[in-house]
Amino acid sequence: MPSDPALRAHQEWLGYIQPVGLVVSPAALVAAGCVPDRNVSAQQETLRGLLSGNPPRLPDFPSFAREFLGWQESDLAGAPGGPPLPESLSVALPNEHDTLRPTFAVPDPDAADRFLLLVSAIPPGTSLDDAGPRSGDHADGWHASPQARLERLLRETGVPAGLLVNGSALRLVAAPKGESAGWLHFDFAALCEVAGRPLCSALLMLLSAERLFTLPTAERLPALLRESRKYQNLVSTRLAGQVLDALHELVRGFQAADEAAGGAVLRDLLDGDDHGSDEVYGGLLSTLLRLVFVLYAEDRGLVSSDPVYVEHYSVGGLFARLRDDAALYPDTMDQRFGAWPRLLTLFRLLHDGAAHGGLSIPARHGRLFSPDAYPFLEGRPRRSRAVAGERLANAPRVSDGVVHRVLENLLVLDGERISYRALDVEQIGSVYEAIMGFTLRVASGPVVAVPSRKKGSAVDVHLDVAALLALPGADRARRLKDEADCDVAGEALAALKAAKCPDDLASALGRKLSKRTPRPLPAGSLYLQPTEERRRSGSHYTPRSLTEPIVRTTLEPVLAALGNSPTPEQVLALKVCDPAMGSGAFLVEACRFLGDALLRAWDAHGGLSEI
């Protein structure tokens, strides 16, 4: 846990509320000087007075805004006593024969034509996430949940955030255009309880009149939302480093499994042709990409919400079980072997598909989850073919401890659960960037690992101890500098020159050695050596703050040349070429930009039926 008490306070209430996606990040809140006030008993009493019925519900949002949040009547357009709700906040959906409108809007005090929040107040008891049956005003309109309707309204109007209220709960929704939406859900009844004081204080901290209207601009809610998205780039960068740690963990896990099986797991690969080690590296790399893909899909509800999947197949469910096991049986995690076969079963399930009761997973096929792409992962011989329904009796004995540590690196950052829902596609690409460009080698003698940034990021460069010791003392520091960009000076340099054996060399390097391998690796060890592959392929993470303005500046004149109202066919006929491409960040942003243009063209020319 972090030592900063302010950071801990924010992580505490966010832990209670369990955000979906990204709304505000603890780091951005701390940077803006946000501090939740726990002395909210008087405000809780005010809230109790605003609720009525059993279960308690909020009958009137404008009263809540005035008496609990401290807003003025002029702060809520569309409410009694407030300014009129402008027609510009209505979004017509001609294809769905519908129009999206907010119930209220919160004007920006610094700009007459801007709004801080849109508020959608729906009938009491209405589900926020269920479209419900077609009836009433929306019987012939867009059949979507209140959450989906508000998200689209926010994106179309360019308002950064909104509130969704159904009497029993308030939801703060952030849905920046072109980015993943996130929300914080506050239950009114829970806010009135003693245990709900952290949440009550957080709600006031985010939506009080002071936070919206009077604080310096950099400390107001819109700035917090923007800065939180920027901090997410730091999350993806650090996650990429942890995924690299997970890759090293998998290497050690498979080496241990191979040794336990007398070489039966990897022998025909590592003792075969020169491509065998590349196949092992590719298989381990593919395993991590599979896990990241599944975690991303599970967080976005794209796999299955059926209890059978969630409890017995999901990666999130497996991590929860392993975390509990590690807490109860920490000394035996590396003597337990049930987690790896479960992952292999999941991979086959996603590849082949499955249906049972309420569980329905379509077959995806393709190479990523193919059991024949890397047969050694299942303990099968090289180039063997999988048989549908076969038992994975020969699965490598990769310990539960290894799987737990791999998943912990993928799911936990600074003691906080990572939300893959909040990551953009480009940020997932940065994870791939971190673990590509290595080659798997087998040590012929002792090797030492030294962290280096010479290859473009903080990776370990492994050096042959015998070759280093064979050099004259004066040349050893030069070899370290040339191969690992590692500088040695002072007493360490003298010890390096005088080193006679591997232990002497390790002692001389001291803190220069990698934390992953603080001692020399013995002969026969598997290790990952960085190559120039990533530099050669130009695969580097590019944030949206760079790609978005470049793509917009490039493509806006192209669209303008098509006329005031280009047709869908004209938009679809455009061709975009990115000759360098790298990780594809510019192409992804181009798809977003042209996707928005295509939606506008469909709306203007009669919808999908005209294509």
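When a residue number appears, it is its place in the shown sequence, counting from 1.
Side chain of Q570 to backbone of T567: a donor-acceptor contact under 3.5 angstrom is found. A donor-acceptor contact shorter than 3.5 Å is absent between the side chain of R57 and the backbone of S168. Checking side-chain atoms of R211 against main-chain N and O of E219 turns up a donor-acceptor pair under 3.5 Å. A donor-acceptor pair is defined here as one N or O able to donate and one able to accept, closer than 3.5 Å; such a pair exists between the side chain of E298 and the backbone of V315. Put simply, the side chain of N166 gets close to the backbone of T126: a donor and an acceptor are under 3.5 Å apart. Judged purely by atom type and a 3.5 angstrom limit, Q44 uses its side chain to pair as donor or acceptor with the backbone of E193. In terms of modelled atom types and a separation under 3.5 Å, the side chain of R321 and the main chain of E311 share no donor-acceptor contact. Remark: the backbone N or O of W142 is paired with a side-chain donor or acceptor of R149 at under 3.5 angstrom.
Atom CG of residue D75 and atom CG of residue L69 lie 10.5 Å apart, to the nearest 0.5 angstrom. Once rounded to the nearest 0.5 Å, the distance linking CG of L164 with NE2 of H185 reads 9.0 Å. Atoms CE and CG, from M205 and L199 in turn, are 10.5 Å apart once rounded to the nearest 0.5 Å. Annotation: the span from R48 atom CZ to L50 atom CG amounts to 11.5 Å, rounded to 0.5 Å. Taking CG of L291 as the reference point, atom CG of L318 lies at 9.0 Å (rounded to 0.5 Å). Separating the CZ atom in R600 from the CD atom in E156 is a distance of 9.0 Å, to the nearest 0.5 Å.
Contact of the D578 side chain with the V576 side chain is not registered, since no non-hydrogen atoms from C-beta on lie closer than 4.5 Å. In this structure, L289 and L368 have side chains that are in contact, with non-hydrogen atoms separated by less than 4.5 Å. Within the 4.5 Å cutoff, no side-chain heavy atoms of V91 are placed close to those of T99. Inter-residue side-chain proximity for F213 and Q72 is flagged as unmet; no heavy-atom pair is nearer than 4.5 Å. Looking at R592 and V551, their side chains never come closer than 4.5 Å, going by heavy atoms from C-beta outward. No side-chain heavy atom of L221 sits less than 4.5 Å from a side-chain heavy atom of L116. Side-chain atoms of L411 and R417, non-hydrogen and from C-beta on, do get closer than 4.5 Å to each other. Side chains of P568 and L598 form a contact here, defined as non-hydrogen atoms less than 4.5 Å apart.
Ring orientation note: the planes of H404 and F319 are close to parallel, at an angle under 30° on the 30°/60° scale. Ring geometry for F104 against F61 counts as parallel: the plane angle stays under 30°, on a 0 to 90° scale with 60° as the upper cut. Relative orientation of the W13 and H10 rings is perpendicular, given thresholds of 30° and 60° on the angle between their planes.
Counting only N and O atoms by type, the side chains of D129 and S127 include no donor and acceptor under 3.5 Å apart.
Here the closest non-hydrogen pair linking L225 and A161 is CD1-CB, 3.5 Å. Nearest heavy atom pair, residue C192 against residue L51, reads SG-CD1, 3.7 Å. Between A601 and V571, the shortest heavy-atom distance links the atoms CB-CG2, 4.4 Å. Listed here is the closest heavy atom pair of F68 and L204: O-CD2, 3.5 Å. Closest approach of R171 and Q147 over heavy atoms only: NH1-OE1, 3.0 Å. Scanning both residues, L206 and V24, for their nearest heavy atoms gives CD2-CG1, 4.3 Å.
Each of F188, W71, F186 was evaluated against F64; a single residue qualifies, F188, per the ring-ring contact (aromatic ring centres under 6.0 Å, His included) test. Just one residue in the list T214, D110, D108 forms a side chain to side chain donor-acceptor pair (under 3.5 Å) with R220, and that residue is D110. When each of L546, T547, L555 is checked for a side-chain contact (heavy atoms from CB on, under 4.5 Å) with E589, only T547 meets the rule.
Counting non-hydrogen atoms of neighbouring residues, nucleotides and ligands closer than 6.0 angstrom, the CZ atom of F293 reaches no more than 12 such neighbours. Heavy-atom contacts from other residues, nucleotides or ligands closer than 6.0 Å to OH of Y313 number 12 or fewer.
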Side-chain polar contacts of residues 34-41 - donor-acceptor pairs under 3.5 angstrom, sequence neighbours left out - could you list them?
| unit_1 | atom_1 | unit_2 | atom_2 | d |
| --- | --- | --- | --- | --- |
| D37 | OD1 | N39 | N | 3.0 |
| R38 | NH2 | E12 | OE1 | 2.4 |

